[in-house]
Each structure stands twice: as C-alpha cells, then as structure tokens.
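Report on the structure given below.
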Amino acid sequence: MKIEQILKQHISKAFQTLFDNELRVDEISLQPTRKEFAGTYTLVCFPFGKISKKNPEETAKIIGEHLEQSTAEVKGYNVVKGFLNLEIADNEWVNVIRTISNQIDFGQLPESGKEVMVEYSSPNTNKPLHLGHLRNNFLGYSIAEIMKANGHKVHKVQIINDRGIHICKSMLAWKRYGNGETPESSGKKGDKLVGDYYVKFDQEYKKEIAELVEKGLSKDDAEKKAPIILEAQEMLLKWEQKEPEVYSLWKKMNGWVYDGFGATYMQMGVDFDKLYYESNTYLLGKDVVEQGLKKEVFFKKEDGSVWVDLTDDGLDEKLLLRADGTSVYMTQDIGTAIERFKDFPKLSQQIYTVGNEQEYHFKVLFLILKKLGYSWAEENYHLSYGMVDLPSGKMKSREGTVVDADDLMKEMLDTSAAHTKELGKIEGFSEKEANELYETLGLGALKYFLLKVDPKKRMLFDPQESIQFHGNTGPFIQYSHARISAILRKAKELGFEPKKEHFDSVTVLAPTEVGVIYLLSEFENKIKEAGREYSPSIIAQYIYDLAKEYNRFYQEVSIFNEEDEDKLHFRIAFSKSVALAIKKGMSLLGIRVPERM
RNA sequence: GCACUCGUAGUUCAACUGGAUAGAAUACCGGAUUUCGGCUCCGGGGGUUGAGGGUUCGAAUCCUUCCGAGUGCACCA
C-alpha cells in the first residue's frame with residue numbers, strides 16, 4: 001500500500017483515539033511539505049480546532065506526537081503554525097523502490113472497464129495543417145495515451161470534413177486553372193496543391209465581385225451573383241447527385257489531400273483507429289430530429305424549420321433543420337454522436353478535441369443529447385484548448401502569418417540535427433540511427449513545448465525558445481534519460497545488476513534521494529490527475545520536476561564511488577526506476593526518449 | 001449589447017482546487033564540478049497576483065464593482 005494511504009489510516013485512527021471522532025480516510029488531505037521545512041507530508045490542522053477543542057498548533061502537536069509514538073512510518077514531526085509536517089522513516093522509501101522494481105509495467109493502472117473515444121484533428125481538407133493543428137493533434141493523442149494508462153480502452157478517431165461548398169471551390173478552381181496539374185507533375189504535396197487552388201478560388205471570386213460592383217451591383221448582390229460562386233453551387237448539387245465527372249474529380253483530389261495529410265500525421269507520430277467521413281455522415285441526424293419532434297423535445301416554426309428551445313437552460317433557440325429539410329452542422333453532430341455509440345456499444349464517453357471557439361456549440365450539443373434521453377450525454381467532454389499565438393501576434397491565414405506544420409517540423413529536425421552534430425556525441429551512430437535521433441529530439445522539443453501548457457489556456461509559441469535544449473524543455477528531459485541510460489549501461493558492464501534482496505541494509509538515505517523517491521511514489525497519482533483534468537501539462541510538469549530532482553541527486557551523491565555495495569545496488573535500482581518513469585511519462589505525451597544522445 | 005474565458009517576476013509558464021514567506025524556466029550577476037556525459041549543480045536580485053471592496057483563522061483561487069485582452073452570439077462548417 002502507498003505511504004500516503006497508510007498515513008491517512010493512521011491519522012483516522014489517531015482521531016478516534018485522541019478525540020473520539022470519526023474522520024474518514026477520504027476526508028483527509030495531505031499535501032507535500034514545502035521545501036524549506038523538514039518532512040514530506042503535511043497535514044493542515046486549522047479545520048480540526050472544533051474537534052480537538054484546542055488551537056491549531058496544539059492540535060497539530062498532539063497528532064504529531066501520537067503518530068510518532070504509535071507508528072513505524074512516522075519518524076518525526078514538526079509544527080509550524082497549524083501545519084503538521086511529517087517525516088517518514090527512510091526504510092519506507094526503500095520499500096517504495098523495492099515495489100517499483102518488482103512492478104512489470106510501472107505507470108499502467110489496472111483495467112477500469114471504461115471505454116472512451118477520443119476525437120482529434122478533424123481538419124478541413126482544403127487547408128494544409130498548421131501550428132494550431134499541431135496543438136490539437138498532440139493534445140488528442142496524449143489524452144488518448146493518458147486514458148489508456150488510466151486503464152481505459154481507447155478509440156482514436158477523427159471526422160474528415162470532406163464535403164460541402166468549400167470542397168467544390170477548390171475543385172472548381174483546379175478545373176478552371178489547373179491545366180491538369182497533379183502532385184506528381186508539380187512535385188507538391190497533395191494537401192498543399194489542393195490548398196493552393198482553394199486560395200486561387202478566393203482570389204478569382206474577389207476579382208469577379210469587384211467587377212460586378214464596378215458595374216453598379218451592391219456588394220451583397222455581387223457576392224451572391226458572381227459566376228464562379230454560382231458554378232461552385234451547381235457543382236455541389238451535381239456532387240450530391242453523384243454525377244460521375246464531379247464525383248471522380250472529388251475522389252481524385254481528396255486522394256491527394258489524404259496522401260498529404262498521411263505524410264504529415266506520420267511525421268507527427270499520431271494515428272487513428274477509425275476515420276469518419278462527413279460525406280458518409282452528413283445525412284445522419286435527420287431521423288433523430290424527427291423523433292425529437294414527436295417527443296416534443298423540438299418544435300417546428302411556421303416556415304417548416306425545426307428548432308430546439310434552450311432558453312430555460314440559459315442558452316438560445318437553435319436551428320436543427322432548415323425549412324427545405326436540409327440539415328445543419330448541429331444536426332450532423334447529433335447524428336454522428338449517436339452513430340458512434342452504435343458502432344461501439346460499450347462506449348461510455350466521447351472526448352472531442354476542438355478549439356475553444358466552439359465551446360458554445362458543444363454545450364448545446366451535449367444538452368440536446370441529454371434532452372433526447374441519451375444517458376451517456378453527460379459523460380461527454382469537450383477538450384477545449386486555446387489558440388496558439390505567435391510573438392508577432394495572432395495567426396491569420398489571410399495575412400500569410402500561418403506557421404505550416406510540415407515546415408515547422410522540418411525546421412525543428414534541422415535544428416536538432418545541427419545541435420547534435422555540434423556536440424559530437426554520436427560517433428558510432430549509423431545514418432539511420434542519427435536521423436531517428438534528430439527526429440526524436442526535434443519533435444520532442446515541439447511536443448513538449450506545446451503540451452506543457454494547460455490546454456485551456458491560450459499560449460504563445462516562440463520558435464526561438466521552443467528549440468532550446470535546456471530549461472523546462474523536452475530535450476532537457478530526454479538528456480536526463482540518456483544520461484541515466486549511460487549509468488545503467490556502465491552498471492551492467494561492471495556487473496552490478498540491481499538485486500532487491502540487497503536493499504535490506506540500506507536504512508539511511510540522502511535528502512535528495514528521498515525527494516526523488518517521493519516523486520516516484522506520486523507518479524500514479526499524477527496519471528490519475530491528468531486523466532481527471534484532461535491535462536497532459538500535469539504529466540509534463542511532473543516529469544520535469546522528476547528529472548530536475550534526479551539531477552540534483554546526481555550532483556550530490558556519487559553512484560560508482562560508493563563503497564557500500566548494497567547502497568550501490570540500491571542507487572542503480574533507484575536510477576532505473578527514474579528512467580522508467582521518465583520514459584513512460586514522456587510516452588504519455590507522445591514523446592520518445594533516446595538511450596544515447 | 002448579451003454570454004463565456006482569461007489577466008501572476010522583464011518574458012514564458014506553475015501554484016496539489018481555500019493553506020505556510022506566491023514557485024520554476026529564461027535572461028542577467030556570482031560561485032561549484034571538470035567525472036558516470038558536455039545541455040549538470042548551488043546562490044543572488046527581480047511580485048501591491050490588473051485595480052478597489054467583501055466573505056474567511058487564511059484568498060492568486062470564492063462573491064462583487066470597475067479596467068484591459070480574447071472568443072462566441074449564422075437557415076457557414
């Protein structure tokens with residue numbers, strides 16, 4: 001059992017004995033003791049005044065004294081104001097390492113029986129992926145990994161926005177101005193090529209509008225009557241009727257985009273278990289709306305359009321079906337959500353990784369699903385994240401200030417390659433190994449930088465700072481791991497395989513050792529917390545603290561110069577546990593760690 | 001206009017969900033180590049937590065009023 005749990009039980013019992021009071025274990029909260037005081041766990045005693053009928057300081061003393069006398073775990077205590085700081089016996093910490101060394105997969109919680117779906121990425125096929133998508137993808141992937149570590153079964157999915165007027169725009173522009181250009185003929189990545197024609201459409205559209213305005217039309221009229229937009233609308237109708245020529249062009253161009261995106265996802269190191277295509281799902285939801293009408297959850301207006309009234313819940317009325325019977329975004333999302341629970345009947349939760357500008361949309365969506373009587377609706381979660389700003393300000397595609405995902409990743413790889421070569425520590429690496437390392441480092445830096453910030457918060461992406469290899473960065477942690485790996489390699493060469501039966505004589509630890517072991521004992525708590533809060537940043541912060549604390553130990557305590565062989569064995573086992581925690585923690589962020597760098 | 005989110009060292013981020021003298025990183029200044037691995041470690045300065053008021057033994061955190069930033073309020077997706 002965990003030290004923290006044992007302590008809580010002791011405290012509960014102490015309350016029984018000392019004050020004849022029932023204090024449940026789950027009512028007790030222990031917090032880490034601040035660095036400047038002795039001890040590891042702190043019990044805040046201010047609230048107990050009523051129970052003990054004494055002031056907080058005396059209360060703390062009584063409890064501390066009792067725990068020190070009656071338990072093996074508490075070796076000492078001190079009281080500052082109403083704070084009771086408890087010092088734990090060193091052999092308890094040794095035990096923690098013994099337990100971890102015995103564990104097969106440290107950092108993996110037992111199966112929960114819960115099954116969750118994580119949706120992320122879901123791009124528009126007209127626009128190549130950019131920095132904002134990177135935050136989305138890394139977040140979604142990481143949350144999926146964190147859910148797995150919490151013992152849940154996970155399905156990673158995305159919905160691909162592959163139909164609608166915007167798709168017809170790029171198709172039309174390609175048809176008009178493309179001269180048969182293909183990714184092969186131009187050497188462009190498929191998604192970039194299609195994106196270019198989307199931009200081209202917009203340019204031509206604006207030209208036509210300007211011409212019409214010159215001829216005396218109002219701007220609104222011009223926007224509606226420009227030939228190019230009329231043609232695009234016609235194309236959409238043809239697409240819906242699956243007219244062969246339009247349909248095959250659609251398939252061809254989408255194919256290019258998927259190839260392009262595929263390459264980008266590969267580079268990012270993210271993947272999906274199942275893809276949903278809007279072209280398959282856009283008709284879903286209509287029958288649900290019909291059912292909702294019958295149940296009088298929704299209502300019809302005079303013109304025949306269908307609405308839901310959410311004013312009682314502090315929201316607005318929301319349109320679900322147009323007067324002509326066609327559906328809107330919300331309708332599709334309702335249908336898709338229900339479809340997914342049909343696809344995976346044991347699903348208990350969906351997590352949608354979507355930017356915070358859609359918070360209102362998801363609030364409405366979940367509320368509608370709840371009103372329709374779906375019990376899982378309340379479990380659904382919008383993993384909302386803030387925008388990524390650049391030092392120059394907001395990213396705006398119109399002003400060309402967008403940071404392209406492919407370009408950025410390439411830059412990170414180049415920088416890490418240059419940096420690594422400069423250090424000259426990788427002699428003996430094959431070219432393939434070296435390239436893998438650059439990728440591990442470059443992407444690690446990028447992912448860590450984007451994930452260390454609380455997802456809810458808007459963040460600033462500074463390209464200069466993100467490529468740094470020291471401070472609170474991915475490479476710093478990767479470096480710490482590589483160094484421990486070096487220690488373990490050396491230990492093996494010298495024949496010091498950690499043997500847990502040797503630990504028994506180790507009874508006195510250095511303060512830095514206790515610091516590190518305390519953090520190790522918190523690993524699983526952090527995984528739970530990250531899952532509960534949907535926040536990879538908790539893991540990122542934790543691993544950084546762990547790496548830093550280990551470095552402190554490393555500086556202070558020598559491993560191989562230690563004469564006591566049991567201590568030496570202990571420190572190797574202890575280092576191994578730290579390496580494991582770093583590796584596992586980083587994998588929860590989708591970041592690999594090298595053995596050498 | 002209405003709704004939601006946010007405001008913390010020069011800068012980028014934390015703060016265990018109401019706990020101690022608000023912590024890291026970065027940059028700057030000073031020192032240690034020169035090895036198991038160089039990107040390591042230690043110390044220093046730097047804060048009226050946007051401003052005021054309230055609740056509390058105790059507030060960056062909760063309530064309230066201002067000020068400032070952002071997002072949303074489509075028969076677009």
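Heavy atoms only: backbone and side chains are in, while hydrogens, waters and symmetry mates are out. Note that the structure is a prediction, hence the values are computed from the model and not measured. Protein chains get the first letters and strands the later ones, always in sequence-line order, with residue 1 at the start of each.
Taking every side-chain heavy atom of A/K363 into account, B/C4 is the closest of B/C41, B/C75, B/C4.
Close to B/C76, at under 4.0 Å from its OP1 or OP2, lies no side-chain N or O of A/R163. Phosphate proximity of B/A27 to A/H470: present, with a side-chain N or O under 4.0 Å from OP1 or OP2.
Heavy atoms of A/F469 sit under 4.0 angstrom from at least one base atom.
For residues 525-544 of chain A, the set of pairs meeting the salt bridge (Lys or Arg N to Asp or Glu O under 4.0 Å) definition, not counting sequence neighbours, comprises A/K526-A/E529. Every pair passing salt bridge (Lys or Arg N to Asp or Glu O under 4.0 Å) that includes a residue from residues 536-549 of chain A is listed here, sequence neighbours excluded: A/K35-A/E549, A/E549-A/R552. Listed by first and then second residue, the side chain to side chain donor-acceptor pair (under 3.5 Å) pairs that reach into residues 444-456 of chain A are A/Y448-A/N472, sequence neighbours excluded.
In this structure, the salt bridge (Lys or Arg N to Asp or Glu O under 4.0 Å) partners of A/K301, at least two apart in sequence or on a different chain, are A/E317. The side-chain contact (heavy atoms from CB on, under 4.5 Å) test applied to A/P475 returns A/A445, A/F469, A/T473, A/Q478, not counting sequence neighbours. Qualifying salt bridge (Lys or Arg N to Asp or Glu O under 4.0 Å) partners for A/R135, counting only residues two or more places apart in sequence or in other chains: none. Applying the side-chain contact (heavy atoms from CB on, under 4.5 Å) test to A/N55 and every residue at least two apart in sequence or in another chain returns A/E57, A/E58.
Base pairing in RNA chain B yields stems of at least 3 consecutive Watson-Crick or G-U pairs, both distances under 3.5 Å, namely B:1-7 with B:67-73, B:10-13 with B:23-26, B:28-32 with B:40-44, B:50-54 with B:62-66.
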Could you pull out the protein-nucleic contacts involving nucleotides 13-20 of chain B (nitrogen or oxygen on both sides, under 3.5 Å)?
unit_1: B/C13; atom_1: OP1; unit_2: A/L460; atom_2: N; d: 2.7
unit_1: B/A14; atom_1: OP1; unit_2: A/D454; atom_2: N; d: 2.7
unit_1: B/A14; atom_1: OP2; unit_2: A/K457; atom_2: NZ; d: 3.2
unit_1: B/U17; atom_1: O4; unit_2: A/E533; atom_2: OE1; d: 3.1
unit_1: B/U17; atom_1: O4; unit_2: A/E533; atom_2: OE2; d: 2.9
unit_1: B/A20; atom_1: OP2; unit_2: A/R34; atom_2: NH1; d: 3.1
unit_1: B/A20; atom_1: N6; unit_2: A/T42; atom_2: OG1; d: 2.9
unit_1: B/A20; atom_1: N6; unit_2: A/N85; atom_2: OD1; d: 3.1
unit_1: B/A20; atom_1: N1; unit_2: A/N85; atom_2: OD1; d: 3.3
unit_1: B/A20; atom_1: N1; unit_2: A/N85; atom_2: ND2; d: 3.4

Which pairs, protein N/O on one side and nucleotides 61-63 of chain B N/O on the other, fall under 3.5 Å?
none

Identify all pairs in which a protein N or O lies below 3.5 Å from an N or O of nucleotides 42-47 of chain B, and state each distance.
unit_1: B/C42; atom_1: OP1; unit_2: A/R552; atom_2: NE; d: 2.2
unit_1: B/C42; atom_1: OP1; unit_2: A/R552; atom_2: NH2; d: 3.3

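In this model, no donor atom of one side chain and acceptor atom of the other lie less than 3.5 Å apart for A/N161 and A/N124. Between the side chains of A/Y550 and A/S575, a donor-acceptor pair is found at a separation under 3.5 Å.
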Apply side-chain hydrogen bond (donor to acceptor under 3.5 Å, both in side chains) to the pair A/Y479 and A/N551, showing each step before the final yes or no.
-> CA-CA 11 Å; A/Y479 177 79; A/N551 283 338; over 6 Å; no

Contact letters for nucleotides 31-37 of chain B, in which S counts primed atoms plus P, OP1 and OP2 and B counts the base, heavy atoms under 4.0 Å = -B---BB

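Side-chain rings of A/F83 and A/F37 stay apart, their centers remaining 6.0 Å or farther from each other.
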